[in-house]
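Worksheet: one structure, shown below.
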Amino acid sequence: MINTKIYKAVYELAEKLMKAAAKDDRATFEALYAELQAICTEHENTEKDHPEQWETLADFTEELEDALPIYQKALDKAVAKQSNDHIASIGFSMAALQVELGDNQAAIERLQQAQASAHTIEDNELKAEIDELLATLTTG
């Protein structure tokens, strides 16, 4: 379980990042991103380290090629914690990026792993998104 204080900080930063992005406010976005990155780095490999903070950082990483290794770090942490919710969510996000980058085969493999983890979660919307993207890639 993610530390409540860290969760609130990450959630608030995510909201502010979305607002800055919507306003196309580069300076604010970059400052907020740096804050989020600092939280992740500060707690890395401590008891406060959590895949959710890394997933959020990857979500706001603008360069797709830079986001994938951050998602991978989040996924590794989710696997270590045996958090199927995070494994499925991160896997879906990674697969969506891989599709954007034109690597459909990697996306299919990632989605199959996410789908396997999704069997035990309650988020039916995420399950449907995983199934739908996988079906699109395998029947297209």
Side-chain angles (χ1 to χ4, degrees):
M1 182 141 199
I2 190 168
N3 176 288
T4 305
K5 186 176 174 183
I6 295 170
Y7 175 81
K8 284 182 179 179
V10 168
Y11 184 81
E12 287 172 10
L13 283 169
E15 285 186 328
K16 290 176 183 176
L17 279 159
M18 286 189 290
K19 288 177 184 171
K23 292 181 197 172
D24 206 20
D25 182 350
R26 287 288 325 133
T28 301
F29 184 91
E30 289 174 11
L32 293 167
Y33 183 86
E35 269 186 67
L36 179 57
Q37 194 170 33
I39 288 172
C40 292
T41 305
E42 177 184 344
H43 300 293
E44 188 170 12
N45 299 321
T46 72
E47 71 280 350
K48 293 180 180 178
D49 200 0
H50 196 275
E52 195 160 325
Q53 63 197 25
W54 292 100
E55 180 179 12
T56 304
L57 182 65
D59 289 344
F60 288 102
T61 300
E62 295 179 291
E63 295 298 322
L64 303 183
E65 294 86 1
D66 295 339
L68 277 175
I70 300 170
Y71 277 125
Q72 185 62 56
K73 183 180 281 199
L75 184 61
D76 293 344
K77 292 173 186 304
V79 168
K81 290 185 178 290
Q82 299 178 350
S83 175
N84 285 336
D85 288 293
H86 290 102
I87 293 169
S89 172
I90 296 163
F92 177 76
S93 294
M94 288 180 79
L97 274 188
Q98 289 165 324
V99 168
E100 282 189 60
L101 292 168
D103 193 351
N104 288 0
Q105 188 55 46
I108 289 167
E109 292 169 18
R110 182 66 58 210
L111 286 167
Q112 289 169 335
Q113 294 166 353
Q115 191 177 50
S117 292
H119 286 298
T120 63
I121 68 172
E122 295 179 15
D123 188 342
N124 291 325
E125 189 176 318
L126 177 59
K127 288 180 190 181
E129 288 177 319
I130 292 168
D131 293 344
E132 186 178 310
L133 184 54
L134 187 56
T136 300
L137 292 174
T138 55
T139 59

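Position 1 is the first residue of the sequence; numbering continues from there.
- One finds the CG atom of N84 at 8.0 Å from the CD1 atom of I121 (value rounded to the nearest 0.5 Å).
- Sorted by first then second residue, the salt bridge (charged side-chain N to carboxylate O under 4.0 Å, His left out) pairs that include residues 29-39, not counting sequence neighbours, are R26-E30.
- By the criterion of side-chain heavy atoms lying less than 4.5 angstrom apart, applied directly or through intervening Ile, Leu, Val, Met, Phe, Trp or Tyr residues, W54 is grouped together with L32 in one hydrophobic cluster.
- Remark: L137 CG to E109 CD distance equals 11.5 Å, nearest 0.5 Å.
- Between H50 and H86, a ring centre-to-centre spacing shorter than 6.0 Å is recorded.
- D49 approaches E44 most closely through the heavy-atom pair OD2-CA, 3.4 Å.
- Residues Y71 and E55 come closest through the heavy atom pair CE2-O, 3.8 Å.
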In residues 92-103, what donor-acceptor pairs under 3.5 Å come from side-chain atoms, sequence neighbours left out?
from	atom 1	to	atom 2	distance (Å)
S93	OG	S89	O	3.2
D103	OD1	A106	N	3.3

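- With rounding to the nearest 0.5 Å, the separation of CD1 in I130 from CD in Q113 is 11.5 Å.
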Open item on the list: Using side-chain contact (heavy atoms from CB on, under 4.5 Å), reason through L68 and E63 one step at a time and then give a plain yes or no.
Closed with: CA-CA 9 Å; L68 277 175; E63 295 298 322; over 6 Å; no
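- Residues L111 and T138 have side chains not in contact (no heavy-atom distance under 4.5 Å, counting atoms from C-beta outward).
- Summarising the geometry, atom OG1 belonging to T41 is positioned 9.0 Å from atom CD belonging to Q53; distances are rounded to the nearest 0.5 Å.
- Note that the OG1 atom of T28 and the NZ atom of K19 stand 12.5 Å from one another [nearest 0.5 Å].
- Put simply, the side chain of Y33 reaches to within 4.5 Å of the side chain of L57, judged on heavy atoms.
- Side-chain contact between L133 and E129: absent, with no pair of heavy atoms (C-beta onward) separated by less than 4.5 Å.
- With rounding to the nearest 0.5 angstrom, the OG1 atom of T56 is 11.5 Å from the CD1 atom of I70.
- Between A88 and S117, the shortest heavy-atom distance links the atoms N-CB, 4.2 Å.
- The two residues F60 and F29 have their closest heavy-atom pair at O-CZ, 3.4 Å.
- Residues I90 and L126 fall into different hydrophobic clusters, defined by Ile, Leu, Val, Met, Phe, Trp and Tyr side chains chained together at heavy-atom separations under 4.5 Å.
- Using modelled atom types, no side-chain atom of K48 and backbone atom of E42 make a donor-acceptor pair closer than 3.5 Å.
- Looking only at side-chain heavy atoms (C-beta outward), K8 and T4 come within less than 4.5 Å of each other.
- Side-chain contact check for L134 versus Q115: some heavy-atom pair is nearer than 4.5 Å.
- Surrounding NZ of K127 are more than 12 heavy atoms belonging to other residues, nucleotides or ligands, all under 6.0 Å away.
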